[in-house]
Structure formats: C-alpha cells, structure tokens
Amino acid sequence: MDFWQRYRAIDARDPRFDGQFFTAVRSTGIYCRPSCPARTPKAENVTFYETSAAAHEAGYRACKRCLPEAVPGTPAWNLRSDIAGRAMRLINDGALSRVGVEGLATRLGYSSRQLNRILSHELGAGPLSLARASRAQTARTLLVSTSMKLSDVAFAAGFNSVRQFNDTINEVFALTPTAFRATAKPIGHHGRQGEATSLTLNLPYREPFDTGIFDFLAARAVPGVELANSSSYTRALRLPRGNAAFTVEYDAGARGGALTLAVSTLDLHDLPVLLSRVRRLFDLDADPVAVDEALGSDARLGPSVRDTPGIRVPGAVDPQELLIRAMIGQQITVAAARTALTQLSDAGTRLPEGHAGHALGLDRLFPTVEEIAGSGRELLKGPQRRIDSVLAAAAAMACGELDFDYGDDPQTLADKLLPLPGVGPWTVGYVAMRVIGDPDVFLANDAAVRNGLKNLAAAEGLPADFRNVSPWRSYATMHLWRAAASKRASASAPRERSMATGEAPASQHRPRQQRRAGSPG
C-alpha cells in the first residue's frame, strides 16, 4: 500500500487494517491504529510505520483512545518469505528470549549485525526493539485482562526486571502499569503464589471468523491430548519452560463473537509463546476480507465464499508434531490416522497427578520425537514402509539432523523435508500451510481437493491450479476440503469418501513411487 491508500484507510477508519500498519502524528506525538475514532490528522503530519516498534523508535507513544497494541497481528509475516518475515515469525514465538539476537541471526543464516541492518531497513526497528514491542503488547493484555500481580505481569510478558517493565510501559503508553490497569476491568484472574491456575484472555481477530476451524481440529483431536467440539478446543501442550493446558472458546452470543483463551498450570515466562502459537493455530492474524475478496472473484469458489465467509487455515502449535501427524495421515482416512495417533500417544508423558489438565479431560502430552523414535515401532500399526518413514523422521528430528520451525520459508522447508523417505510434495505443502502459515499452497494432487472441485460450479477458462486467487490458495484449498466434506455428508453411498473428513478413496491413490496425497492430519 502506498501513502494515499493508507491515508484513505485511516480516513475511513477501516478496522480491516488494524495491526497491518500504524499511523504516527507529528503534531501530537502519538501513534494510532487505522480505525482510531479521533479526527483524521492532516496528511502533512502523518507518517506510516510497518510496526509499532518503529513508531516507538521514532519517539511516538501509543494512543490511549484506540489502544493500537490491542489489535491482531499483520498477515504480512506469513505472506513474506524474506528475512524480515521469517524473523518476525520467530520473534513472535519468543526466539529472542530463548536464543538471543545471535541465535536468531544464526537460525536465519546471517550475522547479528546484518540482521539488525535488514530489519531496521525493512521494518524500521531492530530485533530487540521488535521484541520489546511484542512484550509491551503482551503486558498490555495482561494488565487490562487479569488481576495478576504487576511483578508477575512483568515476567509473563518477557521482561527481565520489574524496572524494565515499568520503564517500557511508561515510555510506550505514557502511563504507569497501575494507571494502565485502572483503564479496564479484568476478565480473568490469577492464582496464588505466582502460579497461573486460572488465566482468561480475549483473543483479538479480524471479522468475519468461520468457526469451522473448530470442526477441523475436532475431527483430528487425539483423546487424552486434545478435546474439541464445534466451538471450543482444549489441549495439553509442552512449552519451553514447562507444560500447559489451555482452552480456546468461541462465544457466538457475545457482541461480534468473542474468542477467549483460558490457561491453566502455566509457567508465566511461557505465556508469550503460548499466545503466539494459539494465534497461529487459529489463524487469528489473517485478513479475511482480503482473502474473501480474492476467492469470491473466482466463479468456482464464489458461492462457497458467500456461504462461508472468514474461513481460516489451521496452524500448528508444534512443528515436529505436525510433521509426524502429516506422515501418519498419508494415504489413510482421518479417522484411521486419529486411531493411529491415539495409539502412538501412549508413548507420551503422562500429566502428573493434580495437574489442571485432568479436570479438563486431558491426561498426557503428545509424545516427543525422542519418545516416538524410542517406542513408536511397538505402537504404530500398518505398512512397514510408513512406520519406517515416521521413525526415521522422528530420529532425524531427535538428533538435530532435521531442524525446521516457524522461521523457514517454503523453499528451505522443501529442501529439508523432501529428502526424507515417505515425504513428497503433498506433505511439504501441507506442513508449509500449517507450520509456516504459507497462504499460497494449492494441493492439486489431493483427492479431497479433486472431490471438492466436483462439488463446485463449473467455470470455463479458469486455471486449474487457482493461480488467479494467489496468494490465497491455501484458503482455496480449505474451501475445497469443505466442499468435499459437504458432498460426503449429503451422499447416501457409504463408500463415497473424502479426505477432508477422514476418508481417502483408494481408487485415487497414486502408484507407489508417486504417492504423495494424504488425509489432512
């Protein structure tokens, strides 16, 4: 977007652009979200910034009226596969707290000096400033949404000291933490003696929001590890400092549809990581209006988009787990994959007695790659070649030979995964959709995609690979899976199957050397 496109967006107070850029006003010294209800500033007083960190660096403070930190993130970090986009995905996942600037730069293949120069040029702020802005946003959420002690808020947001926390909040928001807390009523509460026994937070997102993502997760939920229905998702998860149990719930009765995150038994230092991964899992930083506009222009997808606005692409809370699930789900139904994963979950660590997860119906964590490599052969059933492939991938991840995460781009991901036995283009594309949030994956050789196409209106002259809706083909894939599922639900023949709901027709399997399509795991 150029200057005048952005200026028209703020003049229209368009909430679609909240979080995608920030408006700094020289005459007031503040920065706002695009939908700020204040009077539109004169164009000559306006500077637009890609990130709130850049506005901080330029000396602006956050608007107290529109709270620009209380917005969804930008979808640009998934759209961009350059160093800036890859770095932002890792920074949002808490990489700086774990490995520092040097470790982040090494992960991206650059020196720390080069990385700082690239990010400063592209985003207006270096990695430390970007991480600082992310911590300020987490702190803001906790201050207005919980009754946690201020010291706990500081460490939960990722600050190294209470003094650093106080200084940052005062600098960014021109308020002390105590004064900031007084601006809103808490919706959650915090346990005693520094343990987050109950923590409830609102999850901002851009409307519309299709709740079908809950059904997608429910069909694949592994008993004991996950529970889900059409409006909630619960699971136990391993995080850098410990284990957590959380529930994401959608309340259709609330104004605009409220999405909340309830967390139990969490090491507070892990909260930023959990928030980032939950947002990725539910694709909450997407721009559904832009996606629907592009997909709706395709005659084949138009009716589906009108019926299902705001469709989301599910992400992944653990990249290694997602690869294992995808490999097990290849060439079998989702129901069969769920059974296999349930058996495999016996290798996972059991939650200790008294863990809050038990009250939620959870009793274990999904097994680590080390646990799978050690015990998987006794637990997995099916073709020996698939078992060997899964165990080989688990062993490669366990020893560090295979290392991929949110910071990869589609090409580096393919370079790492394709050499693995049992992994082909379908697997790589599916992992790219869900781990790095690649919005432009079209799984052309997927049986459910082909079945979904048959259930859509015919259209002449449109490309079979849907390149006309790029860069949103991952969302087109989700619509096709939904169409395949609808076809199966309305069909009376019991043998008609759809990988979108867990059943892959054997007649559509490719020859052994070419088999790559599988059920979405």
Side-chain angles (χ1 to χ4, degrees), residues 61-72 94 97 132-205 232-234 236-237 239 241-251 253-279 284 354-360:
R61 68 181 186 276
C63 175
K64 297 176 184 177
R65 186 173 182 181
C66 71
L67 297 176
E69 306 295 334
V71 296
S97 299
R132 178 171 173 263
S134 179
R135 290 194 290 269
Q137 182 175 8
T138 302
R140 185 213 67 80
T141 300
L142 295 174
L143 284 171
V144 302
S145 301
T146 77
S147 57
M148 291 169 63
K149 294 189 298 183
L150 296 184
S151 58
D152 286 340
V153 171
F155 294 114
F159 291 99
N160 294 322
S161 68
V162 174
R163 180 177 179 179
Q164 184 186 61
F165 161 69
N166 288 333
D167 290 346
T168 298
I169 296 301
N170 199 26
E171 181 180 342
V172 172
F173 301 108
L175 287 170
T176 65
T178 301
F180 203 118
R181 168 159 282 168
T183 64
K185 183 180 178 180
I187 65 167
H189 64 277
H190 177 247
R192 293 169 296 179
Q193 299 178 350
E195 294 184 0
T197 56
S198 179
L199 185 61
T200 304
L201 305 172
N202 278 324
L203 296 171
Y205 63 89
S232 72
Y233 174 77
T234 300
L237 179 65
L239 293 169
R241 289 176 176 262
N243 306 327
F246 70 87
T247 297
V248 175
E249 190 166 14
Y250 181 80
D251 182 2
R255 183 180 179 182
L259 201 62
T260 57
L261 169 68
V263 191
S264 302
T265 63
L266 175 77
D267 185 311
L268 291 175
H269 294 85
D270 281 333
L271 182 60
V273 178
L274 177 63
L275 283 170
S276 174
R277 296 190 182 185
V278 167
R279 295 195 65 81
L284 297 184
H355 191 283
H358 289 286
L360 300 173

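Residues passing the ring pair (Phe, Tyr, Trp, His ring centres under 6.0 Å) test with Phe165 are Phe159, sequence neighbours excluded. Applying the side chain to side chain contact (heavy atoms under 4.5 Å, CB included) rule to Val248 yields the partners Leu203, Phe214, Phe246, Leu259, Leu261, Val278, Phe282; only residues at least two apart in sequence or on another chain are considered.
Val71 has its side chain out of reach of Pro204: every pair of non-hydrogen atoms, C-beta onward, lies at least 4.5 Å apart. Between Leu239 and Leu274, the closest side-chain pair of non-hydrogen atoms falls below 4.5 Å. Side-chain contact between Asp152 and Thr146: absent, with no pair of heavy atoms (C-beta onward) separated by less than 4.5 Å. Using a 4.5 Å cut-off on side-chain heavy atoms (C-beta onward), Lys64 and Phe173 make no contact. A 4.5 Å side-chain heavy-atom check between Leu150 and Arg181 finds at least one atom pair inside the cut-off. Contact check for Leu266 versus Asp270: side-chain heavy atoms found under the 4.5 Å cut-off.
Here the OG-CG distance, from Ser151 to Asn166, works out to 10.0 Å after rounding to the nearest 0.5 Å. The line from NE2 of His355 to CG of Leu360 is 9.0 Å long, rounded to the nearest 0.5 Å. Distance OG1/Thr168 to CZ/Arg140: 15.5 Å, rounded to 0.5 Å. The CZ atom of Phe155 sits 8.0 Å away from the CG atom of Asn160 when rounded to the nearest 0.5 Å.
In this structure, Pro272 and Gly158 approach most closely via the heavy-atom pair CG-N, 4.5 Å. Between Glu69 and Gln137, the closest heavy-atom pair is O-NE2, 2.8 Å. Nearest heavy-atom pair across Ala157 and Arg135 is O-CG, 3.0 Å. Summarising the geometry of Val172 relative to Ala136, their closest heavy-atom pair is CG2-CB, 4.5 Å, with the distance given to 0.1 Å. The heavy-atom pair separating Leu201 from Ser145 by the smallest distance is CD2-CB, 3.7 Å. The shortest non-hydrogen separation linking Leu199 to Met148 is CD1-SD, 3.7 Å.
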TODO: Show your reasoning for whether side chain to side chain contact (heavy atoms under 4.5 Å, CB included) applies to Leu142 and Leu271.
DONE: CA-CA 10 Å; Leu142 295 174; Leu271 182 60; 3.4 Å; yes

